[in-house]
Amino acid sequence: MRRTLVLIPAFNASPTLPGLVHALKLHPAAPEILVVDDGSTDGTGEIAKHAGVELLALRKNGGKGNALSRGFEIARDRPGLDAVVTMDADLQHDPGDLHLFLEARQRYGTNIVLGVRKRWGTRMPLERKLSNTITSWIVSSRIGVKIPDSQCGYRLIGIEVLKALNIEAPGFEAETELLIKAAKHSFTFSSVKIQTRYDGEKSHMTNWHTTKRFVQTVLKEY
């Protein structure tokens with residue numbers, strides 16, 4: 001049986017993390033779970049400990065990219081691991097969709113499986129619908145591969161990808177960097193449609209800085 005690690009970068013996620021971990025533990029795939037507490041101040045790390053999942057507690061908040069990179073470092077050295085599935089801690093990503101990523105990996109043999117969120121006809125804020133559409137088009141043009149939802153953090157990454165490249169960006173732009181570098185290494189992509197819940201949660205993204213770093217990442221030569 002292929003082993004999968006679910007990597008959850010978490011910053012002040014105490015209201016949602018218990019439900020997420022509980023749902024993952026009940027999933028038939030029985031994935032290994034690693035929570036990277038990105039310098040939270042609300043007891044997120046203690047919740048992960050109490051839930052009995054693996055925890056990497058970072059002393060300072062370094063950004064989502066930094067948390068992912070630290071988690072990837074652990075995954076690279078884990079014997080027998082086939083893939084890492086990254087998932088946000090705010091329960092916008094449905095743990096019940098995990099099997100879609102695993103099935104796509106097995107069926108198509110692709111190195112990366114990307115979640116595709118439904119934008120229109122949902123409660124996704126209008127500015128996010130527009131930005132996701134535009135950034136996905138830009139990334140697709142940049143790497144020469146159609147990427148329906150380049151900013152979705154729910155994705156499966158084969159261990160072979162993580163062993164071949166490193167992520168340097170500390171923030172949300174790290175997810176874009178990974179796609180660009182993976183394409184340069186000729187890794188393959190597929191996608192699955194996922195459910196996404198929007199209940200007015202506060203985003204940790206700051207629009208100006210996030211946009212600036214995204215542009216810098218897209219224009220950078222790797």
Side-chain angles (χ1 to χ4, degrees), residues 1-9 20 23-34 36 54 64-65 67-88 92-119 132 135-169 172-196 217-218 222:
M1 182 177 178
R2 293 183 172 185
R3 290 173 52 205
T4 304
L5 174 69
V6 172
L7 170 58
I8 306 171
L20 174 58
L24 285 171
K25 284 189 168 185
L26 293 177
H27 197 282
E32 301 169 32
I33 304 170
L34 169 62
V36 179
E54 185 176 359
K64 186 179 184 181
L68 288 171
S69 293
R70 296 293 298 276
F72 292 157
E73 289 174 5
I74 292 174
R76 286 189 193 101
D77 296 330
R78 187 145 300 180
L81 194 67
D82 176 69
V84 171
V85 175
T86 59
M87 187 182 300
D88 291 347
Q92 284 190 6
H93 298 154
D94 187 347
D97 286 339
L98 176 62
H99 70 97
L100 299 176
F101 295 86
L102 305 181
E103 290 168 1
R105 165 80 160 169
Q106 187 167 10
R107 182 180 302 118
Y108 305 118
T110 44
N111 306 112
I112 297 177
V113 183
L114 300 169
V116 180
R117 297 165 290 182
K118 183 179 179 181
R119 300 186 184 103
N132 286 351
T135 54
S136 295
W137 180 82
I138 292 173
V139 172
S140 298
S141 300
R142 169 69 168 82
I143 67 176
V145 178
K146 183 174 175 55
I147 303 294
D149 190 351
S150 66
Q151 304 307 301
C152 183
Y154 202 175
R155 52 178 66 174
L156 178 148
I157 308 163
I159 195 67
E160 66 278 5
V161 177
L162 299 180
K163 288 182 176 180
L165 52 86
N166 293 309
I167 300 303
E168 302 170 9
F172 289 90
E173 70 277 7
E175 291 164 329
T176 299
E177 179 188 340
L178 186 143
L179 297 181
I180 295 173
K181 287 184 173 180
K184 185 174 182 179
H185 281 76
S186 299
F187 287 120
T188 55
F189 302 83
S190 60
S191 60
V192 294
K193 294 181 180 179
I194 61 170
Q195 305 176 72
T196 310
T217 300
V218 169
Y222 293 100

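The two residues R2 and Q106 come nearest to each other via the heavy atoms NH1-CA, 3.8 Å. Taking all atoms of both residues into account, the shortest heavy-atom contact from L68 to P9 is CD2-CG, 3.9 Å. Between C152 and I194 the shortest heavy-atom distance is SG-CD1, 3.7 Å. When every heavy atom of L100 is checked against every heavy atom of V192, the shortest pair comes out as O-CG1, 3.7 Å. In plain terms, the two heavy atoms of G109 and T188 that are nearest each other are O-OG1, 4.2 Å. Scanning all heavy atoms of the two residues, the minimum distance from R78 to I74 falls at NH2-CG2, 3.4 Å.
K181 places a side-chain N or O within 3.5 Å of a backbone atom of N166 that can act as its donor or acceptor partner. Between the side chain of E177 and the backbone N or O of E168, at least one donor-acceptor pair lies under 3.5 Å. Not one N or O on the side chain of N111 forms a donor-acceptor pair closer than 3.5 Å with the backbone of V161. With S136 contributing its side chain and S150 its backbone, the two residues share a donor-acceptor pair below 3.5 Å. In this structure, the side chain of R142 engages the main chain of V218 through a donor-acceptor pair within 3.5 Å. Side chain of T4 to main chain of P31: no donor-acceptor pair is present (N/O by atom type, distance under 3.5 Å, no hydrogens or angles).
For the atom pair E175 CD and L114 CG, the distance stands at 10.0 Å (nearest 0.5 Å). Between T86 atom OG1 and L178 atom CG the span is 8.5 Å, to the nearest 0.5 Å. With rounding to the nearest 0.5 Å, the separation of CG in L5 from CG in L162 is 9.5 Å. Taking CZ of R3 as the start and CG of D82 as the end, the distance is 10.0 Å to the nearest 0.5 Å. Note that CG of L102 is 11.0 Å distant from CG of D97, once rounded to the nearest 0.5 Å. Put simply, CD1 on I138 and CD1 on I147 are 14.0 Å apart, with the number rounded to the nearest 0.5 Å.
A side chain to side chain contact (heavy atoms under 4.5 Å, CB included) with I33 is found for exactly one of M87, E54, K25, namely K25. The only member of L24, V36, L34, D88 that meets side chain to side chain contact (heavy atoms under 4.5 Å, CB included) when paired with I8 is L24. Checked options L98, V116, V113; the residue passing with Y154 is L98 (criterion: side chain to side chain contact (heavy atoms under 4.5 Å, CB included)).
In this structure F72 satisfies the ring-ring contact (aromatic ring centres under 6.0 Å, His included) test with no other residue, sequence neighbours excluded. With sequence neighbours excluded, no residue forms a side-chain hydrogen bond (donor to acceptor under 3.5 Å, both in side chains) with H27.
In this structure the side chain of I112 reaches within 4.5 angstrom of the side chain of F189, judged on heavy atoms.
Between the side chains of Q151 and T176, at least one donor N or O lies within less than 3.5 Å of an accepting N or O.
Applying the salt bridge (Lys or Arg N to Asp or Glu O under 4.0 Å) test to pairs two or more places apart or on separate chains, those with a residue in residues 152-165 are R105-E160.
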